[in-house]
Amino acid sequence: MSKALTTRAEDYSQWYNDLVIKGGLADYSAVRGCMVIKPYGFALWENMRDQLDKMFKDTGHVNAYFPLFVPKSLFEAEEKNAEGFAKECAIVTHYRLKADPDHKGKLMVDPEAKLEEELIVRPTSEAIIWNTYKGWIQSYRDLPILINQWANVVRWEMRTRLFLRTAEFLWQEGHTAHATREEAIIETEKMLDVYAEFVEEYMAVPVIKGIKTANERFAGAEETYCIEAMMQDGKALQAGTSHFLGQNFAKAFDVKFSDKNNTLDYVWATSWGVSTRLIGALIMAHSDDQGLIMPPRIAPVQVVIVPVYKGDDSKPVIDEKANALAKELKALGIRVKFDDSDNSRPGWKFAEYELKGVPVRIAMGLRDIDNNVVELARRDTKDKQTVSMEGLPAYVSGLLEEIQLNIYNRAKAFQTEHINTADTWEDFIKVLDEKGGFVSAHWDGTAETEEAIKEKTKATIRCIPLNNVPEAGQCILTGKPSTQRVLFARAY
RNA sequence: CGGGAUGUAGCGUAGCCCGGUUAUCGCGCCUGGUUUGGGACCAGGAGGUCGCAAGUUCGAAUCUUGCCAUCCCGACCA
């Protein structure tokens, strides 16, 4: 059967690809570096998006939409930001095709239709947004502006991987404007908390909140906050970022406001985003060699009912019971699918829904109906149990929560196991190579040392944890004094 | 962008080194039947620009050149 999965031990990368493709989340496309998100994968994204959107609205944000294209002159206005993205920009230079006189039936770019000014396909929207905000902000009364947009962006990556790094991806980007530095910093931290809450509570992936070093900071930001997650192969993955932009963009786009004393000052800014990359994090944090494992709270299908029948006459009996059960589950807000298709047999369906990571499977046959029970299997532990149909919906509802908690705890235990300290260079290498994961170690605070460590070990500083306790020590590489530990890891 | 690998039906593949009738097999698909508690079985059937383009040759899936795409490893990145 072509559905056979590569195991994690065999080839971790291939295992990941197999899950994405065979689990029906996405497909390769005819466009280099771009993927098709299939209905099952998009349903997952929709659930994530809807929850995040609710959390954004609950914290006072509103949605808007800005153009895909950014005129080059606007794009380059904030120099650091422009420089940071310059190497991965797609550029529109023409606006028309015409029939190619030398090749019948083919088209060519019409050289007459060159744009006066090139358009950059947004790799992020700060430029077009701050150019717009300039027209919206005159007074402190116009502040704050708390806008989010759901959009696609393009970053022309050299090497792409399904969900983790594609040339085009979906994300949300929040762009806020504030009257004071303090307020902007509070916003930056608030949104980091929103991300952490979402990823931990809904995706069941534990994260470390921290700030980035200068090397890893978003180009154009004063401070970049991040949440870092741990994958099963011990590599770190940045799951979300929130930037305190200071007055950099306000200065670049000349966005000033009058305060209560009628003094003019530049506006303070933040931006924050998470992307479809989170789906990659979800897959690599939870799944196993049998397939995906979806956290119930965002699973496209939470419960699947598989009928097991003998002969045509038993089918209507089972259908009736199953439909009734599905209705009861739906009434509790549970996303349930009754797979009554006659195309495949129960065993095939069992394997298929395991591959797709459906948290709970209910098998129902005549034997069960006679005894007023069902067979209930949970994806996270593979446990099977026979449960009475009496009070089943409430039981299932509780079980979904239990599964959610269990996979979080499992991931949390893994994360804890994979945060180790190192106090000498030898130790550092050893932990990195043998255990993987985060290595908590002292660092002298210089970009040169960070760079040198990266070159020697491939490990980068993922973050300086927000909850760090000050501790005097010596840099792992240079031996120079250090005031706190930072987290190193090899990362995606 | 460098290194490696791959490209033959929806998927996985044989054939390629050593050119030669109608391109192999399995899964899947279609039709009919028997089945259904962990990826069912029988019978019949459909499905192919052999990644694309040039070239060599009487003849190319097979040899040559160029191009394209994907994966893996690196450099770069959410």
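Side chains are part of it too, since the values below use all heavy atoms of this structure and drop only hydrogens, waters and symmetry mates. It should be emphasised that the depicted structure is a prediction, and the values quoted were computed from it without experimental measurement. Letters go in sequence order (proteins before strands), and every chain restarts at 1.
Taking a pair to require two hydrogen-bonding distances under 3.5 Å in either a Watson-Crick or a G-U wobble arrangement, B:rG2 pairs with B:rC73. A 3.5 Å limit on both hydrogen-bonding distances identifies no Watson-Crick or G-U partner for B:rU62. Base pairing of B:rC41 is made with B:rG33, judged by Watson-Crick or G-U wobble geometry with both donor-acceptor distances under 3.5 Å. Of all nucleotides present, only B:rC68 satisfies the Watson-Crick or G-U wobble test against B:rG7, with each distance under 3.5 Å. The partner of B:rG12, taking Watson-Crick or G-U wobble pairs whose two distances both stay under 3.5 Å, is B:rC25.
More than 12 heavy atoms of other residues, nucleotides or ligands sit less than 6.0 Å from atom NZ of A:Lys235. The number of heavy atoms from other shown groups lying within 6.0 Å of CD (A:Gln385) is above 12. Other residues, nucleotides and ligands place no more than 12 heavy atoms under 6.0 Å from the NZ atom of A:Lys80.
Rounded to whole Å, the distance from CZ on A:Phe350 to C1' on B:rU36 is 10 Å. Atom CG in A:Asn343 sits roughly 14 Å away from atom C1' in B:rA40 (whole-Å rounding). Regarding A:Glu88, its CD atom lies at a distance of 12 Å from the P atom of B:rC76, rounded to whole Å. For A:Asp313 and B:rU36, the CG to P distance is 11 Å, given to the nearest whole Å. In this structure, A:Glu352 places its CD atom 17 Å from P of B:rG38, rounding to the nearest Å. In this structure, A:Leu164 atom CG and B:rC73 atom P are separated by 11 Å, rounded to whole Å. As a whole-Å value, the separation of A:Phe85 CZ from B:rC77 C1' is 9 Å.
In the set B:rC77, B:rG38, B:rG37, the nucleotide with an atom closest to the side chain of A:Glu157 is B:rC77. Of the candidate nucleotides B:rA78, B:rG37, B:rC73, B:rC73 has the atom lying nearest to any side-chain atom of A:Arg159. The nucleotide whose nearest atom lies closest to any side-chain atom of A:Asp342 is, among B:rU36, B:rA78, B:rG74, B:rU36. Taking only side-chain atoms of A:Arg165, from C-beta outward, the nucleotide of B:rC77, B:rC72, B:rA78 with the closest atom is B:rC77. Closest to the side chain of A:Glu354, out of B:rG38, B:rA40, B:rG74, is B:rG38. Comparing B:rG37, B:rC1, B:rG38 against the side chain of A:Glu375 picks out B:rG37 as the nearest. Checking B:rA75, B:rU36, B:rG39 against every side-chain atom of A:Met158, the shortest atom distance belongs to B:rA75.
Between A:Ser13 and B:rC73, a side-chain N or O to OP1/OP2 separation shorter than 4.0 Å is present. Residue A:Arg161 has no polar side-chain atom (N or O) positioned under 4.0 Å from OP1 or OP2 of B:rC71. A sub-4.0 Å separation between OP1 or OP2 of B:rC72 and a side-chain N or O of A:Asn17 is present. Taking side-chain N and O atoms only, A:Lys87 has no distance below 4.0 Å to OP1 or OP2 of B:rA75. Of the side-chain N and O atoms in A:Arg345, one or more sit less than 4.0 angstrom from OP1 or OP2 of B:rG37.
On a pure distance criterion of 3.5 Å, a polar donor-acceptor pair joins the side chain of A:Arg361 and the base of B:rG38. A donor N or O paired with an acceptor N or O is not found under 3.5 Å between the base of B:rG74 and the side-chain atoms of A:Lys458.
Across all strands shown, A:Gly280 has no heavy atoms under 4.0 Å from either base or sugar-phosphate atoms.
Because its NZ or CZ atom is both nearer than 6.0 Å to the ring centre of A:Phe350 and within 45° of the ring axis, A:Arg361 counts as a cation-pi partner of that residue.
Distance check on atom C1': B:rC63 versus B:rG19 gives 8 Å, rounded to whole Å. Nucleotides B:rC29 and B:rA75, compared at atom P, are 44 Å apart to the nearest Å.
Here the closest non-hydrogen pair linking A:Leu164 and A:Tyr492 is CD1-CD2, 4.0 Å.
Taking the centre of each ring, A:Phe428 and A:Phe488 come in below the 6.0 Å mark. Here A:Trp45 and A:Phe163 keep their ring centres 6.0 angstrom or further from each other.
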